[in-house]
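Worksheet: the structure to be examined is printed underneath.
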Amino acid sequence: MAAKERFAMRIDELLGGDKPTLSFEFFPPKTDRGTESLLQTIQEMKPLQPSFVSMTYGAGGSTRSQTLELVGQLLNEQGLRAMAHLTCVGHHADEIGAILDDLWAKGIRNLMALRGDPPVGQSQFVVTEGGFAHADELVAYAAQRHDFCIGVAGYPEGHPQCLNRTRDLENLKKKVDAGADFVVTQLFLDHADFYRFREEARGMGIKVPIVAGIMPITNVNQIKRFVNMCGAKIPHRFLRKLEAVENDSQAVYRLGVEYMTNLCRDLLFNDCQGLHFYSLNKSQPSIEIYRNLGFEHMR
Ligand SMILES: Cc1cc2nc3c(=O)[nH]c(=O)nc-3n(C[C@H](O)[C@H](O)[C@H](O)COP(=O)(O)OP(=O)(O)OC[C@H]3O[C@@H](n4cnc5c(N)ncnc54)[C@H](O)[C@@H]3O)c2cc1C
């Protein structure tokens with residue numbers, strides 16, 4: 001199989017195999033310096049042979065076209081199996097259709113289909129006229145347009161706008177029924193939340209692979225902000241340990257790596273089908289966690 005064909009492979013062909021998938025998420029940088037740093041990160045992560053990498057899609061502005069360009073480069077120039085994120089924010093269906101055609105023409109076969117968060121300064125998600133209100137509509141549209149392998153977001157602690165976790169799982173089921181092939185979870189810091197979510201999802205008939213979203217921790221204020229935004233929580237004992245060293249960046253880093261290594265180890269021992277690292281365009285903590293797990297390479 002030619003290298004390009006191999007890397008265009010659908011992610012669901014790897015999921016459910018004998019090994020868990022291990023993957024990284026990047027975001028499109030806003031500056032030239034950010035782009036340089038991302039390229040450096042990619043070079044450092046490539047030897048690990050990640051199962052796949054993904055590129056997020058911004059709430060608006062110029063980074064959106066960057067996502068489409070960079071995801072093509074990850075596949076066609078870096079030889080990495082790449083997944084493009086896409087959201088419904090600010091797009092009507094025809095625009096989404098054109099983006100999907102562009103991705104398909106670039107060779108991208110993997111899509112993370114999301115509703116998206118409102119742009120900065122806007123508190124509520126507003127449906128664009130002629131666009132989609134929820135991710136399940138985007139999934140159905142994308143699946144009908146091209147034969148993408150489609151991932152969707154899942155929320156172990158519930159989506160912040162859905163006060164009822166059962167209702168949130170029913171909404172996740174709608175995305176799977178619309179054609180999603182796998183789920184990647186929001187960050188969580190207590191493995192019990194993941195196991196409960198997985199069990200309840202299975203109980204509801206969601207059979208597709210569920211990949212755990214892993215957020216390396218390097219800064220106490222940053223992780224507090226992230227959990228706050230996405231409705232997750234930091235387990236109390238771990239929070240106390242973090243706060244005890246919050247002014248010592250090295251100690252926070254070491255504690256974060258140790259905690260996330262233990263979390264990942266537990267997940268893998270309990271048959272988690274994949275770990276997706278929210279790398280924040282930095283290689284170091286993800287690589288260190290991965291090495292601690294004892295993998296020779298990711299795939
Ligand atoms: C792995 C991952 C990757 C992400 N990548 C990005 C990214 O690249 N760019 C970005 O902007 N954001 C990204 N996000 C954040 C995401 O956009 C937000 O969490 C957003 O608020 C919800 O997106 P969703 O796709 O889960 O939406 P949906 O699945 O549409 O859910 C949104 C809310 O609506 C409810 N709901 C869902 N379907 C229905 C329905 N049919 N009827 C009624 N209610 C419904 C849900 O319960 C939930 O409360 C990502 C999140 C994750 C976990």
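FYI, the numbering just counts along the sequence from 1.
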Is it the case that the side chain of Q222 and the backbone of I217 share a donor-acceptor pair, with hydrogens and angles ignored and the cut-off at 3.5 Å?
no

Please work out whether the ring planes of F132 and Y141 are parallel, tilted or perpendicular, with thresholds of 30° and 60°.
tilted

Does a donor on one side chain and an acceptor on the other come within less than 3.5 Å for H276 and S23?
yes

Which is it for D266 and N270 under the side chain to side chain donor-acceptor pair (under 3.5 Å) test, yes or no, and what are the steps along the way?
CA-CA 6 Å; D266 195 275; N270 286 288; 3.3 Å; yes

Main-chain N/O of G158 paired to R165 side chain as donor or acceptor, under 3.5 Å:
no

Are F194 and M204 connected, step by step, through hydrophobic side chains (Ile, Leu, Val, Met, Phe, Trp, Tyr) whose heavy atoms are closer than 4.5 Å?
yes

Ignoring hydrogens, what is the shortest heavy-atom contact between C149 and D181? Give both atom names and the distance.
CA-OD2, 3.3 Å

On a heavy-atom basis, the closest approach of L267 and I214 is CD1-CD1, 3.8 Å

Could you tell me whether the side chain of F277 reaches within less than 4.5 Å of the side chain of M260, counting heavy atoms only?
no

Got a donor-acceptor contact below 3.5 angstrom from the R202 side chain to the F197 backbone?
no

Looking at every non-hydrogen atom in both residues, tell me the closest pair between A153 and M112 and how far apart they are.
N-CE, 3.6 Å

Under 3.5 Å, is there a donor-acceptor pair linking the side chains of E44 and Q40?
yes

Evaluate the side-chain contact (heavy atoms from CB on, under 4.5 Å) criterion for residues I287 and Q284: first the C-alpha distance (whole Å), next the side-chain angles of each, then the deciding distance (0.1 Å), finally the verdict.
CA-CA 5 Å; I287 289 183; Q284 207 192 351; over 6 Å; no

Is the F295 ring parallel, tilted or perpendicular to the Y290 ring (thresholds 30°, 60°)?
parallel

Rounded to the nearest 0.5 Å, what's the gap from CD1 on I223 to CG on L187? Could you check?
5.5 Å

Point-to-point distance, once rounded to the nearest 0.5 Å, from CD of Q73 to CD1 of I42
8.5 Å

For a 4.5 angstrom cut-off between non-hydrogen side-chain atoms, does I99 reach L68?
yes

Are a donor atom and an acceptor atom from the side chains of N221 and K224 found within less than 3.5 Å of each other?
no

Tell me if a side-chain donor or acceptor on R10 pairs with a main-chain N or O of D147 at a distance below 3.5 Å.
yes

Does Q78 offer a backbone N or O that forms a donor-acceptor pair with the side chain of K46 under 3.5 Å?
yes

What are the two closest heavy atoms between L111 and L103, and how far apart are they?
CD1-CD1, 3.9 Å

Any side-chain donor paired with an acceptor under 3.5 Å for H146 and D101?
yes

Can you confirm whether I289 sits close enough to C264 that some side-chain heavy atom of one is under 4.5 Å from a side-chain heavy atom of the other?
yes

Taking the side chain as C-beta and beyond, is there a heavy-atom pair between Q124 and Q161 under 4.5 Å?
no

Side chain to side chain, L22 and P50, heavy atoms closer than 4.5 Å
no

Flag yes if more than 12 heavy atoms outside N164 fall under 6.0 Å of its CG atom; otherwise flag no.
yes

Rounded to the nearest 0.5 Å, the SG atom of C162 sits from the CG atom of L172 at a distance of 11.0 Å

Are there more than 12 heavy atoms of other residues, nucleotides or ligands under 6.0 Å from atom NZ of K241?
no

Residue pair E13, R81: steps toward the salt bridge (Lys or Arg N to Asp or Glu O under 4.0 Å) verdict
CA-CA 12 Å; E13 288 172 7; R81 187 173 297 109; over 6 Å; no

Side chain of T35, backbone of P29: donor and acceptor closer than 3.5 Å?
no

G34 backbone acceptor or donor facing T31 side chain under 3.5 Å
yes

Using 0.5 Å steps for rounding, measure from the CG atom of L280 to the CZ atom of F226.
5.0 Å

N-O pairing of R115 and E137 below 4.0 Å:
no

Give the intermediate values and the outcome of side chain to side chain donor-acceptor pair (under 3.5 Å) for residues H91 and R64.
CA-CA 11 Å; H91 287 308; R64 290 186 145 190; 3.1 Å; yes

Please name the pair of heavy atoms, one in A82 and one in V71, separated by the smallest distance, quoted to 0.1 Å.
CB-O, 3.7 Å

A quick test of your reading: do over 12 heavy atoms of other residues, nucleotides or ligands sit less than 6.0 Å from CD of E69?
no

Nearest 0.5 angstrom please: N281 CG to F27 CZ, how far?
4.0 Å

What are the two closest non-hydrogen atoms of Y253 and E288, and how far apart are they?
OH-OE1, 2.8 Å

Sidechain-backbone polar pair: D12 side chain, L15 backbone, donor-acceptor under 3.5 Å:
no

Salt-bridge present (R167, E170; N to O < 4.0 Å)
yes

Set out, in order, the CA-CA distance, both residues' side-chain angles and the distance that settles side-chain contact (heavy atoms from CB on, under 4.5 Å) for M83 and V53, then state yes or no.
CA-CA 6 Å; M83 172 166 75; V53 293; over 6 Å; no

Min side-chain heavy-atom separation R265-L268 under 4.5 Å:
no

Using 30° and 60° as the class limits, which term best fits the ring planes of F26 and F24: parallel, tilted or perpendicular?
tilted

Let me confirm one number: the CD-CZ distance from E258 to F238, rounded to the nearest 0.5 Å.
9.0 Å

Residue pair L114 / H85, side-chain heavy-atom distance below 4.5 Å:
yes

State whether W104 and R109 meet the cation-pi test: NZ (Lys) or CZ (Arg) under 6.0 Å from the six-membered ring centroid, and within 45° of the perpendicular axis.
yes

Taking side chain as C-beta onward, heavy atoms only, is L74 less than 4.5 Å from M55?
yes

Under the 3.5 angstrom rule, does the side chain of T21 hit a backbone N or O of S51 as a donor-acceptor pair?
no

Counting distance only, does the side-chain N/O of D190 pair as donor-acceptor with the main-chain N or O of P235 below 3.5 Å?
no

Does the side-chain contact (heavy atoms from CB on, under 4.5 Å) test come out yes or no for V252 and N219, once each step is laid out?
CA-CA 7 Å; V252 170; N219 179 300; 5.6 Å; no

Any chance you could lay out the side-chain contact (heavy atoms from CB on, under 4.5 Å) test for V257 and T218, step after step, and finish with the verdict?
CA-CA 8 Å; V257 166; T218 55; over 6 Å; no

Using the rule side-chain contact (heavy atoms from CB on, under 4.5 Å), only one of S279, S54, S286 pairs with E25; which is it?
S54

